[in-house]
Amino acid sequence: MTIYYTVLFIHVVSVIGLFIALAAEGAILFRIRTAQSVDETRFFVGAFQCLRIVAIPSFLGILVGGLYLASKWGRGTFWIPFALGATLLIMLIGGLVTGKRIARLRNGLSSDEIDLPIKAISAKTKENALLISYGLRAGLGLGIVFLMTAKPDLPGSLGALAAGCGAGLLGAAWMRRASNRIGTVRCLWSQTRRFDAGQKVRFEEAQL
């Protein structure tokens, strides 16, 4: 096996790893937004932190492999530098937007207060910036895959990344609506359970 095929294999596996991390991040963000207790939120924020085990090696594999391939066969092409730039943009958005907000959320959940109310952190869990960041990064990932397969020219490369970002933002908007709707239903269900439990306690006390 030549160096080219080895690097290409690592590059492709890294892209697969990136999409696995993005898919898992979307599911975890959805659960964070619909959490109905501090313990539930704390669990999924901890799970979010574990994504770095997959995401960081994937980014490194994409960048190192992409730089090598670009140095050998990237002359006169537009899609390779655009794909590498989009990868760097994914890392930048993830670190500056998502990373900082998740860190603030984790710090808020590290309080030693046992009865910390969910309302105290709900504003942070439902920040639209988290979904916008996720949508943009997922869309750029889709655009990168298109660039790798179609190898378009300059207008096609720009159009592919723009279309990917648009699709990602639409997906983020759907996640926002769905999580808000499910969160409302879960909240009402929890209130109903607490009301029924309170009614049962009062009934039992009246029987004594």
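Note that the structure is predicted; figures quoted are calculated from it, not measured.
Taking both residues in full, the closest heavy atoms of Ser14 and Pro57 are given as OG-O, 4.3 Å, listed atom of the first, atom of the second, then distance. When all heavy atoms of Trp79 and Ser157 are compared, the pair lying nearest together is CA-OG, 3.6 Å. Contact detail for Ala172 and Gly135: the closest heavy-atom pair is CB-CA, 4.1 Å. Taking each heavy atom of Val54 and Ala21 in turn, the nearest pair found is CG1-CB, 4.2 Å. What you find for Arg42 and Leu109 is that their closest heavy atoms are NH2-O, 2.8 Å.
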Task: Met148 and His11: CA distance, side-chain angles, deciding distance, side chain to side chain contact (heavy atoms under 4.5 Å, CB included) verdict - done: CA-CA 11 Å; Met148 292 173 62; His11 189 66; 3.8 Å; yes
*Begin with the C-alpha distance, continue with both residues' side-chain angles, and end with the deciding distance and a verdict on side chain to side chain contact (heavy atoms under 4.5 Å, CB included) for Leu63 and Leu88.*
CA-CA 8 Å; Leu63 284 177; Leu88 291 173; 3.8 Å; yes
Could you pull out every donor-acceptor pair under 3.5 Å between side chains of residues 159-168 and any protein atom, sequence neighbours left out?
none

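Grouped with Ile56 in one hydrophobic cluster are Leu60, the linkage being side-chain heavy-atom contacts under 4.5 Å among Ile, Leu, Val, Met, Phe, Trp and Tyr residues.
You'll find the side chain of Phe48 stays beyond 4.5 Å of the side chain of Leu105, heavy atoms only. Using a 4.5 Å heavy-atom threshold, the side chains of Val145 and Phe19 count as touching. You'll find the side chain of Ile102 reaches within 4.5 Å of the side chain of Leu130, heavy atoms only. The shortest side-chain heavy-atom distance between Ile32 and Lys126 does not fall under the 4.5 Å cut-off. Within the 4.5 Å cutoff, no side-chain heavy atoms of Val38 are placed close to those of Thr41. Residues Leu147 and Phe78 form no side-chain contact, since every pair of their non-hydrogen atoms from C-beta on lies 4.5 Å or further apart. Looking at heavy atoms from C-beta onward, Ile132 lies out of side-chain contact with Val97 at the 4.5 angstrom threshold. Proximity of Tyr68 to Ile3: side-chain heavy atoms (C-beta onward) are separated by under 4.5 Å at one or more points.
For Lys151, the NZ atom sits in a packed shell: over 12 heavy atoms of surrounding residues, nucleotides or ligands are nearer than 6.0 Å. For CZ of Arg176, the number of neighbouring non-hydrogen atoms (other residues, nucleotides, ligands) closer than 6.0 Å is 12 at most. Phe43 CZ: 12 or fewer foreign heavy atoms inside a 6.0 Å radius.
When the side chains of ILVMFWY residues are joined at heavy-atom separations under 4.5 Å, either directly or via intervening members, Ile80 and Leu67 end up in a single hydrophobic cluster. In the hydrophobic clustering of this structure, Phe82 does not group with Val64; members are Ile, Leu, Val, Met, Phe, Trp, Tyr whose side-chain heavy atoms approach within less than 4.5 Å, directly or through other members.
Arg104 pairs by the salt bridge (Lys or Arg N to Asp or Glu O under 4.0 Å) definition with nothing, not counting sequence neighbours. Partners of Leu22 by side-chain contact (heavy atoms from CB on, under 4.5 Å), not counting sequence neighbours, listed by chain and number: Leu18, Glu25, Tyr134, Arg137. Considering only residues two or more places apart in sequence or on other chains, Val13 meets the side-chain contact (heavy atoms from CB on, under 4.5 Å) condition with Phe9. Scanning for side chain to side chain donor-acceptor pair (under 3.5 Å) contacts around Asp153 gives an empty result, with sequence neighbours left out.
To the nearest 0.5 Å, atom OG1 of residue Thr77 and atom CG of residue Leu69 are 10.5 Å apart. To the nearest 0.5 Å, the span separating CZ on Arg31 from CD1 on Ile28 amounts to 10.5 Å. Distance CG/Leu29 to OG1/Thr125: 10.5 Å, rounded to 0.5 Å. A distance of 15.0 Å separates OH of Tyr5 from CD1 of Ile10, quoted to the nearest 0.5 Å. Note that the CG atom of Leu84 and the CD1 atom of Ile144 stand 8.5 Å from one another [nearest 0.5 Å]. Rounding to the nearest 0.5 Å gives a distance of 4.5 Å between CG of Leu136 and CG of Leu169.
Panel note: side chain Ser133, backbone Ala129; no donor-acceptor pair is recorded below 3.5 Å. Under the 3.5 Å distance criterion, the side-chain polar atoms of Arg33 are left unmatched by any main-chain donor or acceptor of Phe30.
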